[in-house]
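Below is one structure, written out as structure tokens, with a few remarks after it.
Quick note: numbers below take in every heavy atom, side chains included, and nothing from hydrogens, waters or symmetry partners. Every value quoted in this text rests on a predicted model; they were computed, and no experiment measured them.
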Amino acid sequence: MTALLVTRDQTLIDAVMRLAAAAGTTPRVEGSATGALEPWTRARLVLVGLDMADEVARVRPQRRAGVYVVAGGPVPDLAFRTALDLGAEGLLEAARAEEWLVERLADLDTGVAGRLVGVVGGSGGAGASTFACALARVAAHDAPSLLVDADPMGPGLDRILGTEDVTGVRWHELEQPTGRLGGAALRDAVPRREGLGVLTWYPGPQGSLQAFALREVLSAGLRGHELVVVDLPRRGDPLTAEVASRCDLLVVVARPTVVGVAAAARVLAGMGSPARSGVVVRGTGVDEREIGAAVGARVLATMGDHRGLAEAVDLGLGPLRSRRGPLHRAACVVLDELTAVAEAA
């Protein structure tokens with residue numbers, strides 16, 4: 001069940017059903033407080049009409065997230081106490097919250113609760129952006145995935161993938177706060193090819209990435225995609241550390257040299273050394289156990305240099321030319337690790 005609407009107010013029912021139709025879903029309508037108890041915990045969103053909020057609060061339904069009191073007209077001051085008694089997350093006036101309701105209802109039908117993977121370079125030139133592109137591309141073969149470019153000073157992930165000509169929104173359109181961003185809305189808006197959506201930057205000088213925009217994009221992305229891969233900058237600023245802490249898995253791409261390993265250890269420490277982290281080594285010649293001990297995270301995969309990679313990217317062909325290549329194999333190992341982390345959790 002996607003949504004439950006508890007009300008006897010026919011005007012409110014008509015208004016919510018109209019919005020639900022625009023979102024492509026159909027809520028269950030319940031006109032009895034006791035009758036609402038059975039679907040109360042199964043619905044992903046519960047909307048309680050102000051006309052029944054006191055009555056529902058008296059039967060003491062289980063406290064849960066995703067409950068909102070909705071009024072068909074202006075909200076009286078006493079309604080806030082009622083919403084508090086019910087354990088609601090918010091109190092809405094239907095006419096003023098139409099856009100929010102449509103987005104929230106549309107998100108419910110995605111049925112998605114995605115996972116977040118962060119990728120960061122242990123040092124300059126380690127190939128983190130290329131690996132992030134490969135990881136997202138491999139994941140997109142099985143389910144909708146989103147690749148988020150969180151580094152304004154990077155090369156632009158659409159250039160690595162060869163999708164510069166695909167139309168869709170870039171970061172510039174999301175730099176002003178416009179309320180809650182819907183998962184389905186984001187999925188439909190970003191440039192997309194073969195199941196992979198990409199949110200990156202237009203060419204030219206870039207500003208700084210706004211914290212509110214990144215938080216909203218990641219939240220919406222996880223509601224609309226099975227996997228979100230975020231390419232992180234190496235700087236250990238509070239926003240980057242915050243995103244790293246939210247990741248189901250943080251991947252550090254490191255070079256197997258003394259300088260490369262030392263830099264990777266410093267980058268990981270700057271991210272707060274999250275427990276769910278691992279290293280992908282680009283190159284060979286150093287024992288994995290030594291790299292893992294020095295960096296402070298387990299080595300997930302080791303990949304040799306990909307012959308012809310730079311030429312393929314320059315030609316707009318993307319980083320994955322073959323499923324037998326080192327990039328593809330390493331991406332599959334990391335996705336398997338992500339599955340194992342999710343199962344353990």
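R192 contributes a side-chain N or O that, together with a main-chain N or O of R187, makes up a donor-acceptor pair within less than 3.5 Å. Put simply, the side chain of R170 gets close to the backbone of G168: a donor and an acceptor are under 3.5 Å apart. A donor-acceptor contact shorter than 3.5 Å is absent between the side chain of S123 and the backbone of A126. One N or O on the side chain of E30 and one on the backbone of S32 form a donor-acceptor pair closer than 3.5 Å. W171 places a side-chain N or O within 3.5 Å of a backbone atom of D149 that can act as its donor or acceptor partner. Proximity of a side-chain donor or acceptor of E89 to a complementary backbone N or O of G66 within less than 3.5 Å is detected.
No side-chain heavy atom of T163 sits under 4.5 Å from any side-chain heavy atom of E194. By the 4.5 Å heavy-atom criterion applied to side chains, D151 and R235 are counted as neighbours. No side-chain heavy atom of P274 sits less than 4.5 Å from a side-chain heavy atom of C247. Put simply, the side chain of V166 does not reach to within 4.5 Å of the side chain of D158, judged on heavy atoms. Looking at M17 and V29, their side chains come closer than 4.5 Å, going by heavy atoms from C-beta outward. For the pair L268/L250, a side-chain contact is recorded, criterion being any heavy-atom separation below 4.5 Å from C-beta on. Side chains of R8 and D51 form a contact here, defined as non-hydrogen atoms less than 4.5 Å apart. Residues V119 and V334 are not in side-chain contact: their nearest non-hydrogen atoms beyond the backbone lie 4.5 Å or more apart.
The nearest pair of heavy atoms linking V69 to A53 is CG1-CB, 4.3 Å. Of all heavy-atom pairs between A134 and A331, the closest is O-CB, 4.2 Å. Considering every non-hydrogen atom in both A265 and A294, the closest pair reads CB-O, 3.5 Å. Contact detail for V229 and A132: the closest heavy-atom pair is CG1-O, 3.9 Å. Scanning all heavy atoms of the two residues, the minimum distance from L12 to A94 falls at CD1-CB, 4.0 Å. Taking both residues in full, the closest heavy atoms of V102 and L19 are given as CG2-CD2, 3.8 Å, listed atom of the first, atom of the second, then distance.
Under the side chain to side chain contact (heavy atoms under 4.5 Å, CB included) test applied with Y68, the options L91, L47, V46 reduce to a single match, L47.
Placement of L300 and L335 within a single hydrophobic cluster is found when ILVMFWY residues are connected by side-chain heavy-atom separations under 4.5 Å, directly or transitively. Criterion: ILVMFWY side-chain heavy atoms under 4.5 Å apart, direct or through other members. Under it, V333 and L249 are not part of a common hydrophobic cluster. In this structure, V67 is a member of the same hydrophobic cluster as V75, with clusters built from ILVMFWY side-chain heavy atoms closer than 4.5 Å. With hydrophobic clusters built from ILVMFWY side chains whose heavy atoms lie under 4.5 angstrom apart, L84 does not share a cluster with L50. W40 and V59 fall into different hydrophobic clusters, where Ile, Leu, Val, Met, Phe, Trp and Tyr residues are linked whenever their side-chain heavy atoms come under 4.5 Å apart, directly or through other members.
Rounded to the nearest 0.5 angstrom, D142 CG and E226 CD are separated by 10.0 Å. Atom CZ of residue R193 and atom CG of residue L161 lie 9.0 Å apart, to the nearest 0.5 angstrom. Annotation: the span from E98 atom CD to E93 atom CD amounts to 10.5 Å, rounded to 0.5 Å. Here the CG-NE2 distance, from L135 to H328, works out to 10.5 Å after rounding to the nearest 0.5 Å. In this structure, OG1 in T302 is found 13.5 Å from CZ in R282, a value given to the nearest 0.5 Å. Atom OG1 of residue T200 and atom CG of residue L147 lie 8.0 Å apart, to the nearest 0.5 angstrom.
The number of heavy-atom neighbours closer than 6.0 Å to CZ of R96, taken from other residues, nucleotides and ligands shown, is 12 or below.
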Do Y202 and E173 pass the side-chain contact (heavy atoms from CB on, under 4.5 Å) test, and can you show the C-alpha distance, the side-chain angles, and the key distance before you say yes or no? CA-CA 10 Å; Y202 285 114; E173 284 87 7; 2.7 Å; yes
Please test M303 against R329 for side-chain contact (heavy atoms from CB on, under 4.5 Å), starting from the C-alpha separation and ending with a verdict. CA-CA 8 Å; M303 57 182 181; R329 291 196 299 268; over 6 Å; no
Between L105 and T2, is a side-chain contact (heavy atoms from CB on, under 4.5 Å) present by the stated rule, with each step listed? CA-CA 8 Å; L105 289 164; T2 57; over 6 Å; no
Run the side-chain contact (heavy atoms from CB on, under 4.5 Å) check on E216 and L174 step by step: do they pass? CA-CA 10 Å; E216 192 65 25; L174 301 174; over 6 Å; no
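Residues passing the side chain to side chain donor-acceptor pair (under 3.5 Å) test with D14 are Q10, sequence neighbours excluded.
Contacts classified as salt bridge (charged side-chain N to carboxylate O under 4.0 Å, His left out) and involving residues 248-276 (residues at least two apart or in different chains) are given here: R255-D305.
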